[in-house]
Participant: 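Starting off with a structure, shown below.
Excluded from the calculations below are hydrogen atoms, water molecules and symmetry mates; all remaining heavy atoms, backbone and side chain alike, are included.
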Amino acid sequence: MENIKVRVSEVEINNFKNVINGKISFPSSKSLSFEKADVLGIYGQNGSGKTAVVESFQILGRLLHGASLHKSTEKLITEGNDTASLNFTFLINTGDNLFETYYNVDITKLPIEPFDTNEEDVQNSKSSVYVSKEEFRYKKLEKGARPKTAIQYFRAIDEYSIGPNLIYKKVKSNKNDHYVSYKVNAELSYKESTSFLFRKEGVSLTKTILDREVNSLLESIRLIFASNLFVINNQQSSLILANVLIPVHYKKKDYNTGETGYGVIYLTSNEPTRMKFERFEMLKTMFQSISKVLTEIVPGLTVELRPVGEQTLNDGSVGMRAELIAIREGIALPISCESDGIKKLISILSSLIVMYNDPNACIVIDELDAGIFEFLLGEIVRILNDSGKGQLLFTSHNLRLLEVLDKDNLVFTTTNAELRYINLKGIKETNNIRDVYIRAIQLGTDEEPVYEETDRYDIMDAFEEAGEEK
């Protein structure tokens, strides 16, 4: 699969958080090309649905890795609804052909049985949701081609089915093998709140009932896209702001399977971190690479993972204690002495370096601008967009980036939950998108309002009234 390239081109979410319906499209959805970077920024008012897109990628990553959905996933389903739908469109370049594939998944709340379930059972349950539908479709991007349904799976508590009819007949025709595998996989995916298609047993089943071309497309998403997807959320940023931990994202390789992917290690800010020698050597080399970029972004600044001494680890083996330090003009200080913005840059730079160099990398960052000087942020994003190779999806409040990206690289949230994301229309090459967006906030747009109106005098009165309360 060395020559295969995969990237997500569109995402549609329904009944997810405060998004009844919303769809975003990467620039690659129009260009159908892997030649350039694929950068997309999401802008909008606080609480208007930006983070919902980030969390949809978190769920996608867990499903593609065959992992169980978290208990908290139930809270992401829009209030008053039992099911949320996530639909992802992928472009896959096999070297000989270009395909468009569609992965649609429904996540449904488990029914609560208050008379049959005690509090201890609820606490011990792995999740309160299950995958109630999965569908995989595909088409070769050539004239006259239409999407074909490769496989469908439906689940409604105790009932489940597989389709289309050709797949159902193939499963039923071999009761000693395919049918048993299908039933076992269906039960396990329900009980463990995982994907039916991408859990270990599901992958084994699809390899036997789907043709080689479809399996290759599924494997491209599971092995290439999922292994190169990394989501950096606000929980990780909050650890940096609290000066407790610094999450560092790195590319790892499983030497047993040969698969590569992303991992995260949390380095303590105020004291050395214990780790195995192999991890220390890997991180030491990675920070040398990060320093090459960091010193150009923040002149004179480098970082180093400095060994403090050997120590026995919890498994009885001997490892290394090491601390992350910042070096300026030959003076070394603990990383905890640096600003939040510097620590944020160090945390995300390894991912951005991979995105710059790898066309299969897909990096998703919530609030990219947090703590980073706006002019520097603009320069970094401009470089990634103009010269990078992979995908970057980010949310931001900093309007500087509207001046460095084209309209196809920007999506804006609206106040309409049923049409949550839009692209601003009527923008000419000479227009400043930042000015156009501010004018849309103040005056509205022809399509949908992008800002829920606030009144400065009402806000002033509220401050005054709040101050009078005792």
Side-chain angles (χ1 to χ4, degrees), residues 1 4 6 59-69 83 85-90 92 94 96-97 99-108 110-111 126-127 129-140 145-227 254 256-259 261:
M1 303 186 106
I4 296 178
V6 187
I59 290 177
L60 174 65
R62 295 196 67 81
L63 291 171
L64 295 182
H65 282 104
S68 298
L69 296 174
T83 300
S85 299
L86 306 177
N87 307 312
F88 298 89
T89 302
F90 297 92
I92 301 178
T94 64
D96 298 322
N97 296 294
F99 290 88
E100 192 169 69
T101 65
Y102 316 87
Y103 174 60
N104 306 326
V105 58
D106 287 358
I107 300 168
T108 300
L110 279 168
K126 287 190 175 182
S127 182
V129 296
Y130 67 97
V131 174
S132 56
K133 173 190 171 183
E134 280 184 288
E135 181 179 55
F136 182 74
R137 297 178 297 131
Y138 71 102
K139 73 173 181 181
K140 186 183 294 185
R146 293 184 178 183
K148 300 177 183 178
T149 300
I151 190 168
Q152 298 168 314
Y153 169 73
F154 300 94
R155 178 91 198 201
I157 311 301
D158 295 328
E159 299 180 359
Y160 50 89
S161 62
I162 193 170
N165 195 45
L166 181 63
I167 297 297
Y168 174 76
K169 288 181 178 179
K170 187 177 291 188
V171 169
K172 290 283 286 184
S173 66
N174 190 334
K175 289 193 175 184
N176 293 326
D177 189 1
H178 298 161
Y179 189 65
V180 173
S181 298
Y182 156 63
K183 291 181 72 68
V184 169
N185 188 48
E187 289 301 329
L188 289 174
S189 64
Y190 175 70
K191 290 180 179 179
E192 298 179 5
S193 302
T194 67
S195 162
F196 173 87
L197 295 178
F198 295 107
R199 60 178 292 116
K200 181 180 178 181
E201 294 82 0
V203 171
S204 297
L205 176 64
T206 55
K207 283 183 178 179
T208 62
I209 63 175
L210 298 177
D211 63 40
R212 182 179 299 179
E213 183 176 68
V214 175
N215 262 308
S216 175
L217 296 175
L218 276 171
E219 289 290 271
S220 298
I221 295 173
R222 184 178 72 89
L223 296 178
I224 298 178
F225 179 82
S227 297
D254 187 326
N256 294 321
T257 63
E259 297 175 12

Participant: Which pairs with one or both residues in residues 195-205 pass salt bridge (Lys or Arg N to Asp or Glu O under 4.0 Å), sequence neighbours excluded?
Facilitator: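 As it turns out, the salt bridge (Lys or Arg N to Asp or Glu O under 4.0 Å) pairs with a partner in residues 195-205, which skip direct neighbours, are E192-R199, R199-E201.
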Participant: Apply side chain to side chain contact (heavy atoms under 4.5 Å, CB included) to D158 and list each qualifying residue two or more places apart in sequence or on a separate chain.
Facilitator: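 Residues passing side chain to side chain contact (heavy atoms under 4.5 Å, CB included) with D158: none at all.
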Participant: Say you draw a straight line from OG of S195 to NE2 of H65; how long is it, rounded to the nearest 0.5 Å?
Facilitator: 12.0 Å
Participant: Please give me the minimum heavy-atom distance between A150 and P164, naming the atom from each residue.
Facilitator: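 In this case the closest contact between A150 and P164 is O-CD, 3.7 Å.
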Participant: Quick one: CG on L197 to CD on E135, what's the gap to the nearest 0.5 Å?
Facilitator: 10.0 Å
Participant: Mind checking the CG-CD spacing from L63 to E134? Nearest 0.5 Å is all I need.
Facilitator: 6.5 Å
Participant: By the definition ring-ring contact (aromatic ring centres under 6.0 Å, His included), identify the one residue from F196, Y130, Y182 that meets it with Y160.
Facilitator: Y182
Participant: Would the Y103 and F225 ring centres measure less than 6.0 Å apart?
Facilitator: no
Participant: Could you point out which residue of I209, L210, T208 forms a side-chain contact (heavy atoms from CB on, under 4.5 Å) with N215?
Facilitator: L210
Participant: State, with a plain yes or no, whether a side-chain heavy atom of F198 is found less than 4.5 Å away from one of L218.
Facilitator: yes
Participant: Looking only at heavy atoms, which two atoms of K170 and H178 are closest? And how far apart?
Facilitator: O-ND1, 3.5 Å
Participant: Is the count of non-hydrogen atoms from other residues, nucleotides or ligands lying under 6.0 Å from K139 atom NZ greater than 12?
Facilitator: yes
Participant: Mind checking side chain to side chain contact (heavy atoms under 4.5 Å, CB included) for S85 and listing every partner two or more places apart, or none if nothing turns up?
Facilitator: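 Counting only residues at least two positions away or on another chain, S85 forms a side chain to side chain contact (heavy atoms under 4.5 Å, CB included) with N14, D106.
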Participant: Describe, in one word, how the ring planes of F136 and Y138 are oriented to each other, choosing from parallel (under 30°), tilted (30 to 60°) and perpendicular (over 60°).
Facilitator: parallel
Participant: Output, in order, the C-alpha distance, side-chain angles, deciding distance and verdict of side-chain contact (heavy atoms from CB on, under 4.5 Å) for S189 and Y153.
Facilitator: CA-CA 11 Å; S189 64; Y153 169 73; 3.8 Å; yes
Participant: CD1/I221 to OG1/T101 distance, rounded to the nearest 0.5 angstrom?
Facilitator: 3.5 Å
Participant: What distance separates K140 NZ from D96 CG, expressed to the nearest 0.5 Å?
Facilitator: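 The CG atom of D96 is 9.0 Å from NZ of K140, to the nearest 0.5 Å.
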Participant: For the residue pair I4 and I92, establish whether any side-chain heavy-atom pair is separated by less than 4.5 Å.
Facilitator: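 I4 reaches I92 side chain to side chain.
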Participant: Would you name the heavy atoms of V131 and T194 that are closest together and state the gap between them?
Facilitator: CG2-O, 3.3 Å
Participant: What are the two closest heavy atoms between N185 and G202, and how far apart are they?
Facilitator: OD1-N, 3.2 Å
Participant: Looking only at atom types and distance, does a side-chain atom of S193 sit under 3.5 Å from a main-chain N or O of V129, one as donor and one as acceptor?
Facilitator: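 Pair found, side chain donor or acceptor close to backbone of V129.
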Participant: Does the side chain of V203 come within less than 4.5 Å of E219's, by heavy atoms?
Facilitator: yes
Participant: Could you tell me whether the side chain of R137 reaches within less than 4.5 Å of the side chain of N104, counting heavy atoms only?
Facilitator: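 A side-chain contact exists here, since the closest heavy-atom pair is under 4.5 Å.
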Participant: Give the minimum heavy-atom separation between T89 and Y102, together with the two atoms involved.
Facilitator: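 T89 and Y102 have their closest heavy atoms at OG1-CD2, 3.7 Å.
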Participant: Is NZ or CZ of R155 both nearer than 6.0 Å to the six-membered ring centre of Y190 and within 45° of the ring axis?
Facilitator: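 Relative to the ring axis of Y190, which defines the angle, R155 lies inside both limits.
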Participant: Report yes or no: does S216 contribute a side-chain atom to a donor-acceptor pair with the main-chain N or O of R212 at less than 3.5 Å?
Facilitator: no
Participant: Would you check if L60 and L86 make a side-chain contact, meaning some heavy-atom pair closer than 4.5 Å?
Facilitator: no
